[in-house]
Number of protein chains: 2
Amino acid sequence: MAERKYRELIEQLKTAGLRPTRQRLALGRLLYGENGDMERHVTAEQLHAEAMSAGVRVSLATVYNTLHQFTEAKLLREVVVEPGRSYFDTNVDDHHHFYFEQSGRLQDIPSEELELKSMPEPPAGGRIRRVDVILRVDEEG
Amino acid sequence: MAERKYRELIEQLKTAGLRPTRQRLALGRLLYGENGDMERHVTAEQLHAEAMSAGVRVSLATVYNTLHQFTEAKLLREVVVEPGRSYFDTNVDDHHHFYFEQSGRLQDIPSEELELKSMPEPPAGGRIRRVDVILRVDEEG
DNA sequence: ACTGGAATTAGAGAAATTCTAGGCCATTGA
DNA sequence: TCAATGGCCTAGAATTTCTCTAATTCCAGT
């Protein structure tokens, strides 16, 4: 990961009131590092496995905590596609998703490629916090 | 439930290759019956509890099986809103949802009130099987 | 370096869903 | 109508995903 992004991560953690601990930095590096801007959609289990095989000793509980804290801090976005299967997306810009049911893979759709014609009024006293669009795709063959 | 709907349900089950058993009919009645056309969003647990208190003896496993079979037969539609929380929707027409995070409630949005400006091309070899739009609403106050 | 509060850990616990093996029941064909 | 057949249902165990707890470890400010 670029040095710039690394400092940025530390800054973002501090802003969010999160101490830049060994584990958070390591997980952040795994999430955003190396293949810098690649879109990533990981489950907690996957990230934990990745950490293990990268020699980073971190517990699964911490992975869950960290992913949720990152999500809270808007460094990640959680996408639920099936009961018992949620992904954390490194892309926090406005965008949507293709979901391939057979393989369980997720793919970003830039917001320019899928826009809503009109946004319905939220019921009284509510405000729309987020719009999630999932296009479920069958892979024939 | 209206007699008409009841016969209709038996017909739909047969068409789907499902035997109209005591349990399926009872659950179908709970789902579509009485308050006929009301939109319903139930979890397996909820429906099971409903069945119990209606004096219908049915196991939770059967409720899960039945809900999935009904979904397969397009009598229901499954909506996943959070890890570990999925609803079955009695409305199988094209439509979308408001999700109220605080209360966990789901509300239909008719398809006329929320349309997509354009549909992105699915990746090669895939076809879009379903479009799910969830507007997550914060209830302030 | 020392200390207090936050973070991390392993493991237990919870919650939702699925599986299994055996018994039951709806359908079909005689 | 009746028995056979194959699908269906059940309880409970198992699995999976995620969360909690209590003890330990670590970071930040002095």
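Convention: sequence-line order gives letters A, B, ...; per-chain numbering from 1.
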For the pair made of [atom1] in [X] and [atom2] in [N], what is the distance, rounded to whole Å?
{"X": "Phe88(A)", "N": "dC18(D)", "atom1": "CZ", "atom2": "C1'", "answer": "10 Å"}
{"X": "Asn65(B)", "N": "dG7(D)", "atom1": "CG", "atom2": "P", "answer": "15 Å"}
{"X": "Leu18(A)", "N": "dC27(D)", "atom1": "CG", "atom2": "P", "answer": "15 Å"}
{"X": "Arg19(B)", "N": "dT27(C)", "atom1": "CZ", "atom2": "C1'", "answer": "6 Å"}
{"X": "Glu82(A)", "N": "dT17(C)", "atom1": "CD", "atom2": "C1'", "answer": "12 Å"}
{"X": "Tyr64(A)", "N": "dT21(D)", "atom1": "OH", "atom2": "P", "answer": "18 Å"}
{"X": "His48(A)", "N": "dG11(C)", "atom1": "NE2", "atom2": "P", "answer": "12 Å"}
{"X": "Arg24(A)", "N": "dT25(D)", "atom1": "CZ", "atom2": "C1'", "answer": "14 Å"}

- Any chance you could measure Glu121(A), atom CD, to Leu135(B), atom CG, to the nearest 0.5 Å?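 Atom-to-atom, Glu121(A):CD and Leu135(B):CG are 11.0 Å apart.
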Which is true for [X] with a 4.0 Å heavy-atom rule: it touches a base, it touches only sugar-phosphate, or it touches nothing?
{"X": "Arg22(B)", "value": "sugar-phosphate"}
{"X": "Thr43(A)", "value": "nothing"}
{"X": "Thr21(A)", "value": "sugar-phosphate"}
{"X": "His68(A)", "value": "sugar-phosphate"}
{"X": "Leu60(B)", "value": "base"}

- Item | Shortest non-hydrogen separation from Glu113(A) to Ser118(B) and the atoms involved |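 So the minimum-distance heavy-atom pair works out to O-OG, 3.7 Å.
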- Query: Quick one: do Asp89(B) and Arg40(B) make a salt bridge, cutoff under 4.0 Å?
  - Reply: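 Not counted as a salt bridge, because no side-chain N and carboxylate O are separated by less than 4.0 Å.
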Which donor-acceptor pairs under 3.5 Å do the side chains of residues 53-67 of chain A make with protein atoms, sequence neighbours left out?
residue: Ser53(A); atom: OG; partner: Glu50(A); partner atom: O; Å: 3.3
residue: Ser59(A); atom: OG; partner: Thr62(A); partner atom: N; Å: 3.2
residue: Ser59(A); atom: OG; partner: Thr62(A); partner atom: OG1; Å: 3.1
residue: Asn65(A); atom: ND2; partner: Ala61(A); partner atom: O; Å: 3.4
residue: Thr66(A); atom: OG1; partner: Thr62(A); partner atom: O; Å: 2.7

- Given DNA chain D, 5'-ward residue of the pair Pro20(A) and Glu78(A), judged by closest heavy atom: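 Final value for this comparison: Glu78(A).
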With a 4.0 Å limit, can you tell me whether [X] has a side-chain N or O closer than that to the phosphate oxygens OP1/OP2 of [N]?
{"X": "Ser86(B)", "N": "dT17(C)", "value": "yes"}
{"X": "Ser59(B)", "N": "dT10(D)", "value": "yes"}
{"X": "Gln23(B)", "N": "dT10(D)", "value": "yes"}

- Query: Hey, which of these two, Gly84(B) or Ala61(B), hits DNA chain C nearer its 5' end, going by closest nucleotide?
  - Reply: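 Closest to the 5' end, via its nearest nucleotide, is Gly84(B).
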- Task: Indicate yes or no: at least one non-hydrogen side-chain atom of Arg77(B) is less than 4.5 angstrom from one of Arg130(B).
- Result: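 Yes, at least one pair of side-chain atoms sits under 4.5 Å.
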